[in-house]
Amino acid sequence: MKKNGGMREQISGSVGKITYHKEETGFTVLELDAGHELITVVGNFPDIHVGEQMKAFGQYLLHPSFGMQFRAEDYEHTLPVSSAAILRYLSSGALKGVGPATARRLVGAFGEKTLEILEKSPERLCEIKGLSQAKAREITEEFARQSGVREVMLRLAEYGIQPDEAMTVYKALGQDAPEMLYENPFVLCTGQMDFSFERVDAIASALEKPTDAPGRLKAGILHILRHNLSNGHTCLPKNKLVMTAVSLLEISKEEAESRVSLLVSDEEIIAKGEGDTALLFLPELYKAESYCAARLRIMLDVPPTGFHIEEGEIRSIEEETGVRYARQQLEAVSAAMEQGILILTGGPGTGKTTTLNAIIKTMQRRDFDIALAAPTGRAAKRMSELTGMEAKTLHRLLEAEWSGERMTVFGRCERNPLSCDIIIVDELSMVDALLFEALLRAMPLGCRLIMVGDSDQLPSVGAGNVLADLIDSGILPVVKLKEIFRQAMSSLIVTNAHRIVAGEQPELSAKDGDFFMLERFGPSAAAETVTELCLERLPGAYGFSPLTDIQILCPSKKRETGTANLNSRMQSLLNPPDTKKRQVSRLGYILREGDKVMQMKNNYDVYWEKADGTSGSGVFNGDVGILAKIDPRQGTLSVRFDDRTALYGEEESEELELAYAMTVHKSQGSEFECVIIPALDIPEQLCYRNLLYTGVTRAKRLLVMVGSRQTVFHMVNNNRRSRRYTALRLLMEA
């Protein structure tokens with residue numbers, strides 16, 4: 001067959017070998033016997049089996065490591081017809097309960113009519129000596145079930161539903177899925193199917209369904225609430241939800257209000273309050289915030305036994321650590337011991353880490369079992385380095401797993417709580433409402449909780465505004481460290497960070513120290529300077545490694561000073577193409593051995609090993625490492641993350657991106673020896689104060705800003721934070 005690459009083509013043949021198959025997604029690599037050649041086919045085939053006849057539609061692509069492949073966009077498959085193909089099909093385990101021995105007996109008895117017998121005359125299986133009636137019934141029922149699945153998937157394809165999606169739909173709706181979708185296509189928006197409203201709306205339009213159909217109006221309103229989770233909102237005011245529904249669904253305000261009220265009465269939306277300003281929630285978000293508020297109030301009402309700290313003990317700890325604690329730091333230590341809950345907050349240079357270590361010392365003297373945790377792997381690693389104790393990610397602490405139904409489940413919960421006396425969580429500003437709920441549910445009764453964070457930093461990526469809401473409630477004990485210590489006062493990183501958060505302009509004229517501004521008057525010049533700093537000037541002047549010490553932090557992904565362009569420039573200069581280095585192509589970029597890469601989502605299945613032989617699984621959103629090896633024979637990639645090496649399958653590796661440059665949002669919870677921030681040509685919606693503040697506070701030893709003073713001044717002056725609609729503070733006060 002002509003391999004013209006780029007044009008949609010069709011191939012057909014018999015499935016000869018399945019090299020790789022992932023049950024959860026259907027991603028498969030197989031060999032198709034096309035008669036005159038074996039073709040490697042890659043695609044999502046949730047129910048394909050050896051021996052089946054297959055027709056695939058897509059295009060040939062030359063994979064840089066794995067050679068020529070046929071990437072299937074969609075496919076058709078039919079049962080095998082020859083005796084040999086049927087034997088291969090049944091021997092492969094295609095039918096539950098049929099192994100190679102049973103397959104040989106079936107084909108030996110019925111030959112090419114084996115599958116016809118299974119479908120139309122299953123009673124004849126009892127003719128085979130030694131095959132019990134129960135076993136025969138089990139085989140024929142499984143064959144009937146698979147035939148039903150096959151028919152449903154073919155019918156769902158008429159709606160433009162891909163095979164991997166069709167399997168999810170079938171699992172949710174069963175044999176009647178096509179009829180249910182014809183009656184109400186918007187059922188696809190529910191549960192684990194979770195199709196986008198826009199896509200289902202297009203399907204409904206093609207079926208000529210009325211635009212005021214109840215199913216459409218319900219799905220559209222719920223879609224608005226779900227969509228706004230990605231904007232950080234756990235809820236929306238009723239008037240905002242109604243007016244958005246009017247615009248999206250093109251209905252009257254009265255109709256929108258009526259539909260919202262119906263969803264509230266059916267408890268598919270939860271309302272808190274009355275009238276137009278009532279807050280409306282998806283049930284799981286209301287459950288999360290209300291549980292958090294109730295659990296925290298219980299912790300306040302029934303605190304663990306308090307311990308008074310004598311002055312002599314403080315002096316003893318000061319002698320042990322060589323630190324003289326300030327008044328506010330001592331207040332924090334006392335509050336942690338005397339009460340069951342504490343928020344410790346403050347900006348850089350105010351001694352949060354010193355205070356935290358003092359709290360840990362007092363707890364250790366009483367033999368308390370202490371658990372340390374942070375939202376990300378890098379934040380947990382930093383916490384470990386600063387305290388000298390093991391710190392875990394919250395997901396690891398709570399023993400998170402992927403349920404296989406696109407849901408995170410936590411092994412630690414009310415039925416299986418953590419076994420510790422005190423939990424200390426750092427970088428709480430990054431923790432969203434659902435993760436905070438999971439933490440509180442896993443806490444044993446009587447356990448102390450100390451939350452550390454900086455509410456002036458960017459809020460969590462997920463829905464919620466946990467740290468700010470808890471502080472603003474005025475109910476929980478809060479110690480805010482304000483004094484900048486003398487040793488920190490000499491750092492322009494620290495003093496400029498405090499100026500920025502106070503709305504004062506930073507000092508940008510310094511010629512020495514740890515904070516520099518290099519003015520450039522065009523995006524191209526700024527991008528050129530950033531790469532020059534990384535590759536030549538900073539390594540030469542300070543000995544920094546471009547891979548491990550220097551991090552470019554961009555407000556945006558786009559434009560010349562965004563992550564996409566700067567990653568491409570850095571890769572081409574720092575790790576250019578080399579015949580000795582393998583590489584793999586991704587949509588819009590290439591990953592090459594030696595590249596600095598970042599994991600873009602939580603994945604609990606990726607296997608890793610440490611040098612000492614210990615192993616486990618799970619890599620997390622924001623983890624940064626070096627792409628160590630690409631193995632084309634195995635179809636795997638190895639990434640070295642600090643003290644462990646993770647092994648990725650080809651599909652899983654699509655969760656990796658280049659990380660020479662990352663967004664400020666992705667840098668939360670991390671610290672870097674040297675940070676470079678391009679401050680020019682930034683989209684207006686990203687020109688605001690606490691984004692700049694968060695970027696500046698990621699630098700430990702050196703910060704270099706490249707761009708326009710006017711851009712920096714504009715960001716400092718813009719304190720218009722995006723409003724987050726949340727209810728944790730309100731529920732705490734109730």
Side-chain angles (χ1 to χ4, degrees), residues 5-6 25 27 42-43 58-69 71 73 461 523-524 526-528 530-532 534-535 546-548 550-603 606 619-632 635-641 646-667 670 672 676 678 681-683 686:
T25 63
F27 179 79
V42 178
Q59 58 181 293
Y60 282 97
L61 295 173
L62 181 61
H63 193 289
S65 295
F66 309 132
M68 187 65 74
Q69 299 178 337
R71 291 270 180 172
E73 297 166 5
V461 174
S524 296
E528 180 69 30
V530 168
T531 53
E532 182 186 341
C534 280
L535 298 172
L547 281 178
T548 58
I550 301 172
Q551 185 60 57
I552 305 168
L553 297 184
C554 306
S556 173
K557 294 181 179 180
K558 301 177 180 178
R559 304 186 181 179
E560 283 197 74
T561 56
T563 57
N565 180 53
L566 289 173
N567 270 321
S568 177
R569 292 177 66 109
M570 285 293 296
Q571 183 190 48
S572 66
L573 295 168
L574 186 62
N575 192 30
D578 187 326
T579 55
K580 296 179 181 178
K581 293 184 176 181
R582 298 185 180 95
Q583 62 184 42
V584 291
S585 296
R586 294 290 176 260
L587 186 63
Y589 61 98
I590 287 171
L591 296 179
R592 185 174 297 126
E593 289 176 337
D595 273 332
K596 184 177 183 179
V597 295
M598 178 166 55
Q599 175 72 17
M600 301 306 294
K601 60 188 290 189
N602 292 342
N603 187 324
V606 174
V619 288
F620 298 97
N621 187 1
D623 285 352
V624 175
I626 303 298
L627 177 51
K629 182 181 178 182
I630 297 171
D631 188 334
T636 60
L637 286 78
S638 299
V639 179
R640 190 170 60 253
F641 293 109
L647 188 66
Y648 286 77
E650 184 184 5
E651 184 192 17
E652 293 166 328
S653 71
E654 294 186 1
E655 299 169 0
L656 294 169
E657 285 188 1
L658 294 172
Y660 302 103
M662 69 176 69
T663 63
V664 174
H665 283 86
K666 280 290 184 184
S667 74
S670 301
F672 309 96
I676 304 171
D681 195 32
I682 301 170
L686 294 172

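Basis for what follows: all heavy atoms, side chains included, without hydrogens, waters or symmetry-related copies.
- In this structure, the separation between OG on Ser556 and CG on Asn565 is 11.0 Å, given to the nearest 0.5 Å.
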Exercise. Can you check side chain to side chain contact (heavy atoms under 4.5 Å, CB included) on Tyr648 and Val619, steps first, answer last?
Worked result: CA-CA 10 Å; Tyr648 286 77; Val619 288; 3.6 Å; yes
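- Ile550 places a side-chain heavy atom less than 4.5 Å from the side chain of Ile676.
- Rounded to the nearest 0.5 angstrom, Leu658 CG and Tyr589 OH are separated by 7.0 Å.
- When all heavy atoms of Leu566 and Cys554 are compared, the closest pair comes out as CD1-SG, 3.6 Å.
- Taking 4.5 Å as the limit, some side-chain heavy atom of Leu656 sits within range of a side-chain heavy atom of Gln599.
- Between the OH atom of Tyr660 and the OG1 atom of Thr531 there is a distance of 13.0 Å, given to the nearest 0.5 Å.
- Heavy atoms only, all atoms of each residue included: Leu647 and Ser638 are closest at CD1-OG, 3.6 Å.
- Taken from NZ in Lys596 to CD1 in Ile626, the straight-line distance is 7.0 Å, to the nearest 0.5 Å.
- The backbone N or O of Ala659 lies less than 3.5 Å from a partner atom in the side chain of Gln551, making a donor-acceptor pair.
- By the side chain to side chain donor-acceptor pair (under 3.5 Å) test, Glu654 is found to be paired with no residue, residues two or more places apart in sequence or in another chain being considered.
- Take Lys581 and apply the side-chain contact (heavy atoms from CB on, under 4.5 Å) test, not counting sequence neighbours, and it matches Asn575, Asp578, Arg592, Glu593.
- Applying the side-chain contact (heavy atoms from CB on, under 4.5 Å) criterion to Lys557, with sequence neighbours excluded, gives Thr563, Thr663.
- Applying the salt bridge (Lys or Arg N to Asp or Glu O under 4.0 Å) criterion to Asp595, with sequence neighbours excluded, gives no partner residue.
- Interatomic distance, CD1 of Ile552 versus CE of Met662, reported as 10.0 Å (0.5 Å rounding).
- The shortest side-chain heavy-atom distance between Lys629 and Leu637 does not fall under the 4.5 Å cut-off.
- Contacts classified as salt bridge (Lys or Arg N to Asp or Glu O under 4.0 Å) and involving residues 558-575 (residues at least two apart or in different chains) are given here: Glu528-Arg569, Arg559-Asp681.
- Going from atom CD of Glu657 over to atom CE of Met598 covers 6.5 Å, rounded to the nearest 0.5 Å.
- Applying the side-chain contact (heavy atoms from CB on, under 4.5 Å) criterion to Ser670, with sequence neighbours excluded, gives Arg378, Phe672.
- Looking at every heavy atom in both residues, Pro555 comes nearest to Ile682 through CG-CD1, 3.5 Å.
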